[in-house]
Amino acid sequence: MRVIILGADGYLGWPTCMYFSAKGHEVVGIDNYFRRQAALELDCEPLIPTPNLTQRARIWKELTGRDIYVHIGDVINYPFLKELFERYRPEVVVHYAEQPSAPYSMIDRDKAAFTVQNNLISTLNVAYAVKEVVPECPIIKIGTMGEYGTPNIDIEEGWIEIEHKGKKDKFLFPRQASSLYHTTKIQDTDMLWFYVRTWGIRVTDLMQGPVYGISTEEADKDERLMPNFHYDEIFGTILNRFVVQAVVGHPLTVYGKGKQIRGYINLKDTLACVYLAALHPPKMGELRIFNQITETFSVLELAEKVQKVGERLGYRVEVKHYENPRVEKEEHYYNPKYTGLRELGLKPHFLTDNVLEKMFKVVEKYKGHINQFAIFRGIKWK
Ligand code: USQ
């Protein structure tokens, strides 16, 4: 199939480009380098220096003989996006081209406005490009488990049937985000649901939890192909952060009580999920939602796992409770359903000590690059 990947330079984007390309699909990768520039501006560059997208595609071609066609530009520029849709006529589009960080969206008004504009207009443009150029092309969109928040009821896979005063109907599962970033993802979902109903396009919205990991089959071929692994407070997700903290001797930054529970997923499984969603598209006029996680942990459980493996490897790992810079429930019920992707064929890579140990080994190699100032600056939600 011919796939356009928007946000192709990102932590998920680049590994996804290689994953599809390795399986013989034609891949077009688009990125505006937002995250690279923001990381430079905010002094929080990734652990492993990564060649730019054009260079990565060239290295991939040298190693595999396969092309990944790269275009640098902004998805919120509609003529740019539409022209690429007309040129390549994608059979599937994967939309990662969003500002992905909750803390970034809470820094100040300008970054909040950027997040709203970038995330909503990019999604709007993708919907229009599909409708105007390739109306049958399925959109695969990365949503977030954070759309649901932490309600005191079981979380269903996207939809819930409600009986009210003797009548029943099916609705999107109630959502209440705990950052502006997460709120834009709710708005994206609503927007796509509107266009699914109105134009009959087809969309898979993948409600993903925090991703961890550094290794993928393709990236392991050459260190220049590795994902951009962030460990900083802004772009780093918690487990990646904890491993780096353990290696550099920084206390593990548990926010508040640490009893916050989330659903987690290995980077390798993210790739498999997106691929499964592409191989099995929904029908026209359907918004299909999967909860893209493979297991749930509290922050303290993650800290204890990292501490245990770290200490076995000879590190002294301190777990420290920090005043929570975020506004979130620190103790709550959490019981999400996540069977849909397993039913499509996902075989999860769970968070074992062995997986953690491998992460430690990679991080150790780049220990000299760790910028301790980026680890915790305390971006406050209030
Ligand atoms: N946390 C800590 N200490 C840290 C970092 C985080 O205790 O040093 C806690 C947070 O307070 C939160 C949980 O760990 O309760 C997860 O935080 P995170 O930074 O790993 O994830 P989050 O900010 O929610 O965002 C990440 C991705 C985002 C994705 C989301 C899925 O950056 O793109 O949408 O995970 S989810 O969390 O399910 O909404």
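Indexing begins at 1, ligand by ligand and atom by atom, following the structure's order.
Taking the six-membered ring wherever Trp is involved, the centroid distance between the rings of Tyr104 and Tyr181 does not fall below 6.0 Å.
Looking at residues two or more places apart in sequence or on another chain, you find no ring-ring contact (aromatic ring centres under 6.0 Å, His included) involving His280. Under the ring-ring contact (aromatic ring centres under 6.0 Å, His included) criterion, Phe80 pairs with no residue, sequence neighbours left out. Under the ring-ring contact (aromatic ring centres under 6.0 Å, His included) criterion, His321 pairs with no residue at all, not counting sequence neighbours.
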Expected rows: ligand 1 N/O, protein N/O, dist below 3.5 Å:
{"from": "ligand 1", "atom 1": "3 (N)", "to": "Thr253", "atom 2": "O", "distance (Å)": "2.6"}
{"from": "ligand 1", "atom 1": "7 (O)", "to": "Tyr255", "atom 2": "N", "distance (Å)": "2.9"}
{"from": "ligand 1", "atom 1": "8 (O)", "to": "Arg241", "atom 2": "NE", "distance (Å)": "3.0"}
{"from": "ligand 1", "atom 1": "8 (O)", "to": "Arg241", "atom 2": "NH2", "distance (Å)": "3.0"}
{"from": "ligand 1", "atom 1": "8 (O)", "to": "Thr253", "atom 2": "O", "distance (Å)": "3.2"}
{"from": "ligand 1", "atom 1": "8 (O)", "to": "Thr253", "atom 2": "OG1", "distance (Å)": "2.6"}
{"from": "ligand 1", "atom 1": "11 (O)", "to": "Glu328", "atom 2": "OE1", "distance (Å)": "3.3"}
{"from": "ligand 1", "atom 1": "11 (O)", "to": "Glu328", "atom 2": "OE2", "distance (Å)": "2.5"}
{"from": "ligand 1", "atom 1": "15 (O)", "to": "Arg262", "atom 2": "NH2", "distance (Å)": "3.3"}
{"from": "ligand 1", "atom 1": "15 (O)", "to": "Glu328", "atom 2": "OE1", "distance (Å)": "2.9"}
{"from": "ligand 1", "atom 1": "15 (O)", "to": "Glu328", "atom 2": "OE2", "distance (Å)": "3.3"}
{"from": "ligand 1", "atom 1": "19 (O)", "to": "Arg326", "atom 2": "NH2", "distance (Å)": "3.1"}
{"from": "ligand 1", "atom 1": "20 (O)", "to": "Ile238", "atom 2": "N", "distance (Å)": "2.9"}
{"from": "ligand 1", "atom 1": "23 (O)", "to": "Arg326", "atom 2": "NH1", "distance (Å)": "2.9"}
{"from": "ligand 1", "atom 1": "23 (O)", "to": "Arg326", "atom 2": "NH2", "distance (Å)": "3.3"}
{"from": "ligand 1", "atom 1": "32 (O)", "to": "Pro100", "atom 2": "O", "distance (Å)": "3.4"}
{"from": "ligand 1", "atom 1": "33 (O)", "to": "Pro100", "atom 2": "O", "distance (Å)": "2.8"}
{"from": "ligand 1", "atom 1": "33 (O)", "to": "Tyr181", "atom 2": "OH", "distance (Å)": "2.9"}
{"from": "ligand 1", "atom 1": "34 (O)", "to": "Thr144", "atom 2": "OG1", "distance (Å)": "2.9"}
{"from": "ligand 1", "atom 1": "34 (O)", "to": "Tyr181", "atom 2": "OH", "distance (Å)": "2.7"}
{"from": "ligand 1", "atom 1": "39 (O)", "to": "Thr144", "atom 2": "OG1", "distance (Å)": "2.7"}
{"from": "ligand 1", "atom 1": "39 (O)", "to": "Gly146", "atom 2": "N", "distance (Å)": "2.9"}
{"from": "ligand 1", "atom 1": "39 (O)", "to": "His182", "atom 2": "NE2", "distance (Å)": "2.8"}

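Atom CZ of Phe171 is surrounded by more than 12 heavy atoms from other residues, nucleotides or ligands within 6.0 Å.
With 3.5 Å as the limit, one finds a donor-acceptor pair spanning the side chains of Tyr96 and Thr16.
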